[in-house]
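Only one structure is covered here, and it is reproduced in the block below.
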Amino acid sequence: MIRVAVCPDYGAPEVVRIEQRPSPPVDAGQVRVRVNAAAVNYPDVLLIANQYQVSVPPPFVPGSEFAGVVVESGAEGFGVGDRVSGAGMYGAFAEEVVVPAASLSRTPDGVDDRTAAAFGVAYRTAYHTLRSMARVHSGDEVVVLGAGGGVGLAAVQLGVLLGASVTAVASTDEKLAAAQSYGAANIVNHRSGDLRDALRDAVPDGASAVVDPVGGELAEPALRSLRRGGRFVTVGYASGVIPRIPLNLVLVKGVHVLGFHFQDVPPDEFERNEAELGEHLVSGRVRPHVGAVYPLAETVRALRHVADGRAVGKVLIDLT
């Protein structure tokens, strides 16, 4: 028997409970992983509330991102004792997961499980967004909304690494301090005044790109901050509100509005981006910011931490 966090019915994070369940069997092509760390992402909250773009019928084990050690393998390429990380739609908030081998990556030597669990989704999303959608180059001006969250803070770090001047927009001084510590050239608390005016002051010549994992009322003023020909990439809606953009702004400013999905990255660029990002991780040039860690027994608190927008960087569940 293993301990798992279970969503028995749709609702707020508080519906989740801890149960004992049999570990599922391993079929051909699958691997059993003892989970040492799992990351909490905003889509986990949305899935539990049945407010995500897809539905998972309850009861289910939430959690999309994990790292640990292989304890049983039914697939070639992975053996007992291999350190791995992986991601899926759900299932990670458990002492063991059984997943297809194709969904796993080897954890590089020198990278601990917490780092591996916190790195995958947020940093891959941010890097592919910056490199292949926003087309960021050295010297560009980049505005990052939600700059204190998982994807946002990753985008700040990686944008700086790519040579851009990054303006970080977030809701608290704590989040902005984290963004500044990772190299943000400008910081803007959008709750302290008019965001449109603040961005005009921060990037008077206009931004080359905007990365938006937040949506809501921040999207339009950020779009207005773009210079002609700039690129606005919508990554998600952590605010819970899908923005309504006046299309005349796109016409008048000649900007490009794009949505990010992994499958839309051209295959050759995808391979390049993954290789570069892996090198950045192994070299230590980037490391995820872990703002809070909870034990499995406190999964509800971890989910609530993220649901309330209090997360700085990544929130993890420790299962060791």
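In what follows, every heavy atom counts, from backbone to side chain, and hydrogens, waters and symmetry copies are set aside.
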Checklist entry - Do the ring planes of Y127 and H280 sit parallel (below 30°), tilted (30 to 60°) or perpendicular (above 60°)? => result perpendicular
Checklist entry - Does I187 belong to the same Ile/Leu/Val/Met/Phe/Trp/Tyr cluster as V312, with side-chain heavy atoms less than 4.5 Å apart forming each link? => result no
Checklist outcome for this item: Residues joined to V98 in its hydrophobic cluster, side chain to side chain under 4.5 Å directly or through other members, sorted by chain and number, are V26
Checklist entry - Under 3.5 Å, is there a donor-acceptor pair linking the side chains of S132 and N273? => result yes
Checklist entry - Between T320 and N36, do the side chains contain an N or O donor and an N or O acceptor separated by less than 3.5 Å? => result no
Checklist entry - If only atom types and distance count, is the side chain of R231 paired as donor or acceptor with the main-chain N or O of L258 below 3.5 Å? => result no
Checklist entry - In terms of side-chain geometry, is the basic nitrogen of R131 or E276 positioned less than 4.0 Å from the acidic oxygen of its partner? => result yes
Checklist entry - Between R3 and E19, does at least one N-O distance fall below 4.0 Å, as a salt bridge requires? => result no
Next on the checklist: Salt bridge or not between E96 and R34? Use side-chain N to carboxylate O under 4.0 Å.
Outcome noted: no
Next on the checklist: Using a strict threshold of under 4.0 Å (side-chain N to carboxylate O), is an ion pair present between R124 and E274?
Outcome noted: yes
Checklist entry - Can you say whether the rings of F262 and F260 are parallel (under 30°), tilted (30 to 60°) or perpendicular (over 60°)? => result perpendicular
Checklist entry - Is the closest basic N to carboxylate O distance between R227 and D205 below 4.0 Å? => result no
